[in-house]
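A short write-up of the structure that comes next.
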Amino acid sequence: MIFAAGASEQLPALCRELNLSHLLLVTDPGLSATGIVDSIGKLLERAGVSVSRYSDVQADPPEDVVLAAADYARQQNVDGVIGLGGGSSMDVAKLIAVLARSRQSLSDMYGIGNVKGGRLPLIQIPTTAGTGSEVTPIAIVTTGETTKMGVVSPQLLPDIALLDPSLTTGLPAAVTAATGIDAMVHAIEAYTSKLKKNPYSDMLARQALTLMAANLQIAIEHGGNLEARSNMLLGACLAGQAFANAPVAAVHALAYPLGGHYHIPHGLSNSLVLPSVLEFNASEAAALYAELLPCIRPGAHAPSPTAGCDQFIAAMRELVAMAPLPQTLKDAGVPEADLPMLAADAMLQQRLLVNNPRSVNETQALQIYRAAY
Ligand SMILES: NC(=O)c1ccc[n+]([C@@H]2O[C@H](COP(=O)([O-])OP(=O)(O)OC[C@H]3O[C@@H](n4cnc5c(N)ncnc54)[C@H](O)[C@@H]3O)[C@@H](O)[C@H]2O)c1
Ligand SMILES: [Fe+2]
């Protein structure tokens, strides 16, 4: 991991170290429009590295985009891959790096530990703060029309995660808010993760939450504040490491159908269901939520775990309410009649639901969606 404002200027030297001479730069049209992709491409080309560009990544990347990108990488005969962008571009970059060298089909890779063989050298450069995808062994793909599936295998960890907060100062306020709340959810869900929570993930989650709670609002209101952007990028990365060790749970399980059916961005989907899931979980997770209160309200004191939990949930509600985002499923354009279908879909995310501190059945999932409506 390399973390510094301006760190992306080290890319040519890093390519020399990894012996790379022809890279595939994987990104999306939104980031291409900012000029960031051009300046990184030119930096590499000036240093004698050939660059092929795949700039057609879509949010919540569909399977056919991943396959088309992998075909392009094979045609171009690249010797390494750079993921440049948010979680969508980094997830596609990971899969290209394994698919370009493999005869295994993508559909055989879904699930945990199913990727066989190696991958092309991979450098990840996040431009949102964010998914933490630069440090997770996970790639999320939209399969069919609406379902999201994960490939989880250690090969998806990159050779280098290059974190340069100066690339994030132009991130629009709404994307800053949504991706920042997603990262905070990673920390919260890692801290309450039922099966794999451990002292290491706890430490990462607490530090991540502390950094992001203190800096999210500043980053939203003053996008050019490099210190706030640095703290957000580091916080999101630590949160990624936290949930790579102790996986996320019901907030993500209920968020995924919203992305699948209505293309609501991943962070916004999380923020829409977060307060209602916290309320639902409180009966089982009160003590843990109370432990997290000082991370988001330094110096706060609660007389009991229940009171601490209530204060924690109220503070998270306030943080979501201050974000420049739709606040209810209704505001986000979700038809009320669809809620039972969403609850049925959320049940497909057992990979995530097993990590929730309180078990969730379909009726309860529907109640949570209704509370968030
Ligand atoms: N691999 C993982 O561990 C993991 C974890 C959580 C989520 N995800 C996946 O990540 C995806 C979401 O990623 P995301 O929330 O980062 O959003 P994203 O990658 O879809 O990007 C969101 C938007 O922000 C724009 N953007 C990105 N950086 C910018 C910048 N610096 N300046 C201006 N605009 C910029 C992009 O062009 C895009 O329009 C989803 O597919 C989700 O399922 C993956
Ligand atoms: Fe997420």
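A quick note: this is a predicted structure, and the numbers were derived from the prediction, not measured. As the structure lists them, so they are numbered: ligands from 1, and atoms in each ligand from 1.
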query: If you look at every heavy atom in A208 and L238, which pair is closest and at what distance?
result: CB-CB, 3.9 Å
query: What protein heavy atom sits nearest atom 43 (O) of ligand 1, and how far away is it?
result: K148 NZ, 2.9 Å
task: Indicate the ring-plane relationship of F312 and Y289, choosing parallel, tilted or perpendicular according to the 30° and 60° boundaries.
output: parallel
message: Which heavy atom of M90 sits nearest to which heavy atom of G85, and what is that distance?
response: CE-O, 3.8 Å
task: To the nearest 0.5 Å, tell me how far E45 CD sits from S50 OG.
output: 7.5 Å
message: Evaluate D28 for polar contact with ligand 1, using N/O atom pairs at a separation under 3.5 Å.
response: yes
- prompt: Counting only N and O atoms by type, is there a donor-acceptor contact under 3.5 Å from the side chain of Q327 to the main-chain atoms of L325?
  reply: yes
query: Within the structure, does L167 bring an N/O atom to less than 3.5 angstrom of an N/O atom in ligand 1?
result: yes
query: Polar-atom distance check: T128 versus ligand 1, any N or O pair below 3.5 Å?
result: yes
message: For ligand 1, which is the ligand I care about here, please tell me if I138 has any N or O atom under 3.5 Å from one of the ligand's N or O atoms.
response: yes
- prompt: Is a side-chain donor or acceptor of T27 paired with a backbone partner of S55 at a separation under 3.5 angstrom?
  reply: no
- prompt: Which atom names give the shortest non-hydrogen contact between L23 and C15, and what distance separates them?
  reply: CD1-SG, 3.5 Å
field: Distance-only polar pair, side chains of D164 and S8, donor-acceptor under 3.5 Å
entry: yes
message: Out of all atoms in ligand 1, which are within 4.0 Å of some heavy atom of D91? Include the element for each.
response: 1 (N), 2 (C), 8 (N), 9 (C), 44 (C)
query: Between L157 and T136, is a side chain to side chain contact (heavy atoms under 4.5 Å, CB included) present by the stated rule, with each step listed?
result: CA-CA 6 Å; L157 289 166; T136 70; 5.5 Å; no
query: Side chain, backbone, both or neither: which part of M90 comes within less than 4.0 Å of ligand 1 when only heavy atoms are counted?
result: neither
- request: Just go through T131, T127, V175, V135 and tell me whose heavy atom is the nearest to atom 28 (N) of ligand 1.
  value: T127
query: Which part of T34 is near ligand 1, with near meaning a heavy atom under 4.0 Å away: side chain, backbone, both or neither?
result: side chain
Test log, rule side chain to side chain contact (heavy atoms under 4.5 Å, CB included), inputs L99 and R74: CA-CA 9 Å; L99 287 165; R74 278 188 216 103; 4.0 Å; yes
task: Inspect the surroundings of CD in E227 and state if more than 12 heavy atoms from other residues, nucleotides or ligands are less than 6.0 Å away.
output: no
field: Within-cut-off N or O pair, S88 and ligand 1, under 3.5 Å
entry: yes
Is_contact(atom 25 (C) of ligand 1), protein non-hydrogen, under 4.0 Å: no
- prompt: Where the side chain of D28 meets the backbone of V57, is there a donor-acceptor pair that is under 3.5 Å apart?
  reply: no
- prompt: Any nitrogen or oxygen of T136, main chain or side chain, under 3.5 Å from a nitrogen or oxygen of ligand 1?
  reply: yes
message: Is it the case that the side chains of E63 and Y110 hold a donor-acceptor pair, with the cut-off being a distance below 3.5 Å and no angle test?
response: yes
- prompt: Which pair of heavy atoms, one from S133 and one from K94, lies closest together, and at what distance?
  reply: O-NZ, 2.8 Å
statement: Protein N/O/S atoms closer than 2.8 Å to the Fe ion (ligand 2), ordered by chain and number, come to D182 OD1, H186 NE2, H252 NE2, H266 NE2
- request: Determine whether any heavy atom of P61 lies closer than 4.0 Å to an atom of ligand 1.
  value: yes
query: Does some non-hydrogen atom of H252 fall short of 4.0 Å from ligand 1?
result: no
- request: Kindly confirm or rule out an N or O of G87 lying under 3.5 angstrom from an N or O of ligand 1.
  value: yes
Identity and separation of the nearest protein heavy atom to atom 35 (C) of ligand 1: L171 CD1, 3.5 Å
